[in-house]
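Atom set for the values below is all heavy atoms of this structure, side chains included, hydrogens, waters and symmetry mates excluded. Below, read A as the first sequence line, B as the second, and so on, with proteins coming before strands; counting in each chain starts at 1.
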Amino acid sequence: MAQFWKPGTEKPRLVDDEEGGVLFFSGGFSSSSSSSGYGYASIEKQRQRLPVYKYRTAILYLVETHATTIIVGETGSGKTTQIPQFLKEAGWASGGRLIACTQPRRLAVQAVASRVAEEMGVKLGEEVGYTIRFEDVTKPDVTVLKFLTDGVLLREMMDDPLLTKYSVIMVDEAHERSISTDILLGLLKKVQKRRPELRLIISSATIEAKAMSDFFRKRKKRRELENEENGIQLEPAILSVEGRGFNVQINYVEEPVQDYVQAAVSTVLLIHEREPPGDILVFLTGQDDIDGAVQLIADEVQTSKKHSPGLVVLPLYSGLPRAEQELVFSPTPRGKRKVIISTNIAETSLTLEITDVENLVVAPISKASAKQRAGRAGRVRPGKCYRLYAEEYFLNHMSNEAIPEIQRSNLVSCIIHLKALGIDNILGFDWPASPSPEAMIRALEVLYSLGVLDDDAKLTSPTGFQVAEIPLDPMISKMIIASNQFGCSEEIITVAAVLSIQVKLFALSIWISGRGIQKESDEAKLRFAAAEGDHVTFLNVYKGFLQSGKSSQWCHKNYVNYHAMRKVLEVREQLRRIAQRIGIVLKSCESDMQVVRKAVTAGFFANTCRLEEYSHNGMYKTIRGSQEVYIHPSSVLFRVNPKWIIYSSLVSTDRQYMRNVISIDPSWLLEAAPHFYQLQQSNPLH
DNA sequence: GAGCACTGC
C-alpha cells in the first residue's frame, strides 16, 4: 500500500503564503514510491505519473485539517479523477459515508465516473457511481464515490438540506461560475456552519482562487473557535497543482487593427508563409465574419500563387450542418496546413485533435477566456498565439474574468430554488458573487405575480410548492399547473418540453436551419404552421413525429431536428412523471386549442404585447413597461401580426425580438392574473 | 427577414 499522511504523524512541509494565513504547498513533495498490488500495476503506474500524484499527502493533510481546501490546477493535472480516490483510500468513505464530486456538465460526470471505476477496477454503478438528470447509476449502501452535476446535488438538498450522507464534497470547475455552482457554493458555506465535520474541496483555475478563498473565509464565532481548537482550520487552504499543458508563445499586434477580419486573414497568410508546419485555429465573433474570412482567404489563394496549394480552410460554427462541422476533426493531409475559422464554440466545447495549433484571438473577451483560447494551442505540443490586439489593451483594458452567470441572468428560477430550500432571506443570502438587489426584487415580483410567493414572500401552497417541484422556468411550470384546470395537460407538457429545450437563441431549435436550405425549411415549416402561433405549431410537429413512429427520416424530410425531438421526448417523459406526482391529471383536449392558449396565458401573462395601432412595420409594445418589440422572423406569426400576443422569450439584437409567439384574447388576462392586470389601468385591455 | 456560445434540474 502506498503511504498516506495520517492524523497524529508528522505534518507535511507547507509554506505560509505571504498574504496571511493562506497555505501554499511548496512543491517537491514526492511521496515515497511504494509497491502496489501487481494486478493494477499499469493503472497504478499511470496514476503515479499524473502531476497531482505527488501532492497526495499534502491534499489529504489539508483536507483533514481544514474545513475548506481550494485546489488550483490546470487541465491535465488529474485532480478530478485522483482526488476522490485519494479520499476514499484515506478512509473518508468509511462508516457509510459518501464522497461527492460535482461537475457543471453531464458529459463530464459520466466520463470521469467511468474513468475512475476503471482505475479502481470496479463496475460502474457499484462502488463508483454517478447521477445526472434522467440517469441514476448508483447503488444505495454500495456506492461510496459519487459523481454528479451540481444541479443534481442542489436537487438533493431539497430532501436533505444538510447533505448528511456526504463526508467530503468536491466542487470541480468552480471557476466556470455557472448559476448552479454559485448557488451550491453559497449553500455549502451555510451547511458548513451546521456541520463542522463536513469537508469541502473547491477546484478552481488560478484566476479565481483568491476570490473563492475570500468567500469561504468567515468571521470566527464562538462555536467556530471551539472547532478551531479541535484542529479544524476555518481559514481555507489553497494548494496549487501544476498541469501538463505545453508552453504557448504569445504575440500581440503593435497597433490596434482597423478591420479585424482582414487582419486575421493577413495573419493566417503570414503564418502560412513564415512558420513551420502546424495547423491554425482562428477565433472570430460570428457566422458572417467567418464566412467572410473563409472567402477572403480563398480569393487570396486564387490570385496569389505563393499560398496555394497548402491551405485547407474550414469554417466552424453551430449553424453549420453536422457533417461540415465534423470536417475539422479530419486529419490534415500531408504537406497541407489546416485553418479552422471558428466562433468560440472551439473555446471549450470541443477538443480538437490537431497537431500544433496556432491560434489568434479577436474581440473584447476576458483575460481568462484569452488564456483558455491560447491554451488550445498547447494541448499536444508547444504552440503560438497571435492576439490581434495590443498588449497594453490586454493588460489594462480587458477584465479578468467574464461576469458570473448569476449576475447577468434571470433570477426567477434560482430564487424559487432557494425558497424551496427554506432560505427565506433571499436578499441577505451570501453569494460568491452577489446579483444586484434590483434584479432580485424584479424576480421576486415575477414570482409574486405568478402566485408562487405570497405577501410575506413565502412559497404558496399548493402552487408555490408545485412550481418548485418542476425543474423548469417557473413560468413554464405555472403553465403546466394551470393546464390541469383546462384539461389540456398532455398538450401543455409537450409545449413545455419544446420550450425548455430551446433555451436561448437557436441552440436546440426543433427546426433545421442554415445557409442554402432556407427556402426549403421555410416551406416545410408552413406545412405545420398554425394560425394560433408557434406553440400550436409545435404540437402539430410533435403529432406528425409520433405518427411517423418517431422516425428520423420523417424529421429529415420535414426539416425537423431529430436530435431535438429525441430530447423533447425525454424531457416530456420526465415532466409527465412529475406532473402525476404533484397531482396533475394527464388529459388531452384533443383539438380544442383555445384551452391550450389559455394555459399558456396563465403562465406567461407577464409577456403580453399589443400591436401598435397604425404600425406599418409590426411594432408591438409590452403591456408591462411599454417596451418596443417585434415578432422574430422565425415565428410562424411573423408578418401575420395578431393584435394581442404572448411571447415566451425575448432576444435582443438590433431590435428586441419575440420568439415563440401565440395569439390570445385579452379578456383571458384578467382571468389568469387579476392582481397583475388590475394595476395596469393605463393599459385598457381592449 | 434573423441566428457567438448551449450547460443544468
key: Contacts of type ring-ring contact (aromatic ring centres under 6.0 Å, His included), residue Tyr542(A), not counting sequence neighbours   = none
Looking only at the side chain of [X] (C-beta and beyond, no hydrogens), which of the listed nucleotides [options] gets closest?
X	options	value
Arg133(A)	dG8(B), dA2(B), dC9(B)	dC9(B)
Arg155(A)	dC9(B), dA2(B), dT7(B)	dC9(B)
Arg105(A)	dC9(B), dG1(B), dT7(B)	dT7(B)
Leu472(A)	dA2(B), dC9(B), dG1(B)	dC9(B)
Ile132(A)	dG1(B), dC9(B), dG3(B)	dC9(B)

Using whole Å, what does the distance between atom [atom2] of nucleotide [N] and atom [atom1] of [X] come to?
X	N	atom1	atom2	answer
Asp159(A)	dC9(B)	CG	C1'	13 Å
Arg659(A)	dC6(B)	CZ	C1'	12 Å
Asp289(A)	dC4(B)	CG	P	10 Å
Ile578(A)	dC9(B)	CD1	C1'	8 Å
Asp291(A)	dC4(B)	CG	C1'	13 Å
Ile179(A)	dT7(B)	CD1	P	15 Å
Asp136(A)	dC9(B)	CG	P	12 Å
Phe147(A)	dG8(B)	CZ	C1'	19 Å

ask   = Do you see a donor-acceptor pair shorter than 3.5 Å between the side chains of Asp182(A) and Ser180(A)?
value = no
query = Can you check whether Glu135(A) reaches Gln110(A) side chain to side chain, under 4.5 Å on heavy atoms?
reply = yes
ask   = Can you find a pair of side-chain heavy atoms, one from Cys414(A) and one from Phe429(A), that are under 4.5 Å apart?
value = no
request  = Give a yes/no on whether any side-chain N or O of Thr149(A) is located under 4.0 angstrom from OP1 or OP2 of dC9(B).
outcome  = yes
request  = Output yes when at least one side-chain N/O atom of Arg106(A) is less than 4.0 Å from OP1 or OP2 of dG8(B), else no.
outcome  = yes
inquiry  = For a quick check of understanding: with a heavy-atom distance under 4.0 Å over all strands, which category does Ile470(A) fall into, base, sugar-phosphate or nothing?
reply    = nothing
query = Contact class for Asp522(A) vs. all strands (heavy atom < 4.0 Å): base, sugar-phosphate, or nothing?
reply = base
request  = Check side-chain contact (heavy atoms from CB on, under 4.5 Å) between Lys146(A) and all other residues, then give those that pass, not counting sequence neighbours.
outcome  = Leu98(A), Thr131(A), Thr138(A), Thr143(A), Leu148(A), Glu156(A), Lys165(A), Tyr166(A)
